[in-house]
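Here the structure comes first, spelled out in structure tokens, and everything after it is commentary.
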Amino acid sequence: MPNLVASFRRLPRDVQLYAWASFVMGIGSFGIWAVLFNLYLQRLGMGPEAIGLLLGVGPFIGAIGSIPAAMIGTRMGNRQAMNLGVISSIIAFVLLLSAGFLPAAIQVGWITTWWMVFALANSLNTINGAPWIMAVAAPEARASAFTAQMVLLSLGGFVGSLVAGILPGIIAKLTGMDADAPTAFWITLWLTPITFMGGYYLLHITEPRPPVKMAATTHQAAGIPYLTIMFVGILIFLQVSGESLVRPFYNLYLDSNVGMPLAHIGVVFGIAQMLPIVLSLLTPLILARWGATRAMIAMSFANALCFLAMAFILAWLAASASYIVFMSIAPIANVVRTVFSQESVDAQWRTVVSTATNIGIVLSQALFTALGGFLIAGYGYRSLFLSGVMMALITALVAWLYLRIDKRQNAFDATLVSSASVLEEDR
């Protein structure tokens, strides 16, 4: 642990601040919001198909906003764009949660509207974060920088999950309301915009950097690696599909199918955020030993095994363990796909490829989250988990094909270089 702390301290100050901002905002988003928002919607009377559509429409709107978010980041700088995104997210959260003050008849429409606004705001943060880290951190420190950010994000999610599991019960007991009443969930969800305020302060005190200027020349436009960017977007779309099917509904599954109390769900989600902290520290070693593509293949197979366990082992302990393992893989996958996408292009195209990556993620989330709600309503949770298995195996196949093609291309390039050297010597 002292070595890990020392490694973190060697990172640039701005990267450390960004990582701590991720911790603070992770308490609200990956902890409190992730545990309670679905359950809150369920207690407002929404079924799984309606919840799936609501959760899916947000990422779809985020995909629409990805290109403007990249343009804003290019024009005003990645750091300034992230700050704008966090401020806008705070406003969206506050207005969304204000639905609790409105008549029940318009609450769902109000929540949907501001959920879409939050998705637009969040695209500013997600798209501009990776290029900003790539600019701040030295090449040899980038994997460690992304890992530090994911570790603290997971730690924040752990803290928030425990709070989400305990606080609604405490509020219900103090106010005399039913522990299952939506009001207890609603009050706890107000902590999310508060955590984002803390995250904004930490991002605000980072060092301002001028935006990267790119001359709009025909030569540069012709140099855009369109095929690479399209492939990265498609591969990320596939990689996130299984996670998008399973993750949004698992608290509902534990609540309604397994019958797990809210406090226990909070503990399971907390452990699922905490254990990845240890495994995430292995990410730089995994990337150095296997490379990003092989790591994607391995994690896709691991996800498929987790989804199989969810589908066929119904005991609460197995349901909890398979989710914890699945969530332990997710942060590593996040770092791997970020490094893979950012290193696939030259520096001037990093914001562009970040946009393609984000579009792949949010379109996958939108499509498969909406699909997941209908699968649950029509065929049950087992169909959801088996669909996740299928998508994980498809991802592994596509990544393997890419690895084979890349190997052949490198061998062909090496042959050309060797032949050119021989011809030069003959001359």
Side-chain angles (χ1 to χ4, degrees), residues 17-41 51 54-59 61-62 65 69 82-97 111 114-130 146 148-165 167-168 185-203 240 243-244 247-251 265-266 269-270 272-274 276-277 280 327 330-331 334-335 338 358 361-362 365-366 369:
L17 289 172
Y18 180 75
W20 282 116
S22 298
F23 166 76
V24 175
M25 291 188 289
I27 294 174
S29 58
F30 278 75
I32 295 169
W33 200 266
V35 173
L36 295 182
F37 186 52
N38 291 3
L39 299 175
Y40 172 62
L41 296 176
I51 293 174
L54 172 61
L55 296 181
V57 74
I61 297 299
M82 284 192 295
N83 285 336
L84 177 61
V86 175
I87 292 174
S88 302
S89 296
I90 295 168
I91 295 171
F93 275 132
V94 169
L95 291 172
L96 185 155
L97 292 172
I111 288 172
W114 291 107
W115 179 245
M116 292 189 293
V117 173
F118 164 71
L120 287 172
N122 192 51
S123 64
L124 284 167
N125 193 23
T126 54
I127 284 177
N128 290 283
F146 285 115
Q149 186 258 340
M150 287 306 304
V151 166
L152 285 175
L153 183 65
S154 298
L155 183 58
F158 168 74
V159 174
S161 297
L162 296 184
V163 171
L167 193 55
F185 292 75
W186 173 70
I187 293 173
T188 307
L189 286 169
W190 275 97
L191 292 175
T192 300
I194 295 174
T195 63
F196 270 60
M197 292 176 189
Y200 169 74
Y201 169 76
L202 291 170
L203 289 175
V240 178
E243 179 180 340
S244 302
R247 187 171 180 174
F249 301 100
Y250 212 75
N251 55 348
I265 294 174
F269 273 58
Q273 296 285 356
M274 189 67 178
I277 294 174
S280 293
M327 286 298 295
N334 191 8
V335 175
T338 301
N358 189 67
I361 291 172
V362 296
Q365 290 172 340
T369 300

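Note: hydrogens, waters and symmetry copies are ignored here, and every other heavy atom, side chains too, is used.
The shortest side-chain heavy-atom distance between L167 and L191 falls under the 4.5 Å cut-off. Side-chain contact between L55 and N38: present, with at least one pair of heavy atoms (C-beta onward) separated by less than 4.5 Å. Contact check for P193 versus L97: side-chain heavy atoms found under the 4.5 Å cut-off.
Atom OG1 of T188 sits about 11.5 Å away from atom CG of L39, to the nearest 0.5 Å. Taking CG of L153 as the start and CD1 of I27 as the end, the distance is 10.5 Å to the nearest 0.5 Å. Remark: I361 CD1 to I127 CD1 distance equals 9.5 Å, nearest 0.5 Å. Within the model, atoms OH of Y40 and CD1 of I111 stand 4.5 Å from one another, a figure rounded to the nearest 0.5 Å. Note that CE of M82 and OG1 of T126 are 10.5 Å apart. Values are rounded to the nearest 0.5 Å. Note: L96 CG to I91 CD1 = 13.5 Å, rounded to the nearest 0.5 Å.
Contact detail for G270 and F158: the closest heavy-atom pair is O-CD1, 2.7 Å. In this structure, T369 and G56 approach most closely via the heavy-atom pair CG2-N, 3.9 Å. Between S29 and T192, the shortest heavy-atom distance links the atoms N-CG2, 4.3 Å. Closest heavy-atom contact between F30 and S161: O-OG, 4.1 Å. Smallest separation of non-hydrogen atoms from G199 and M25: CA-CG, 3.8 Å. Of all non-hydrogen atoms in M327 and A272, the two that sit nearest each other are CB-O, 3.5 Å.
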Q. When you look at V94 and W190, which way does the side-chain contact (heavy atoms from CB on, under 4.5 Å) test go after all the steps?
A. CA-CA 8 Å; V94 169; W190 275 97; 4.0 Å; yes
Q.
If you apply the rule side-chain contact (heavy atoms from CB on, under 4.5 Å), what do you find for F269 with N251, and how did you get there?
A. CA-CA 8 Å; F269 273 58; N251 55 348; 3.6 Å; yes
Q | Derivation and outcome, side-chain contact (heavy atoms from CB on, under 4.5 Å), residues L203 and L17 | A | CA-CA 7 Å; L203 289 175; L17 289 172; over 6 Å; no
Q | L54/I51 under side-chain contact (heavy atoms from CB on, under 4.5 Å): CA gap, chis, key distance, verdict | A | CA-CA 5 Å; L54 172 61; I51 293 174; 5.7 Å; no
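N128 contributes a side-chain N or O that, together with a main-chain N or O of L124, makes up a donor-acceptor pair within less than 3.5 Å. The backbone N or O of V86 lies less than 3.5 Å from no partner atom in the side chain of N125, so there is not a single donor-acceptor pair.
Taking the six-membered ring wherever Trp is involved, the centroid distance between the rings of F37 and W115 falls below 6.0 Å.
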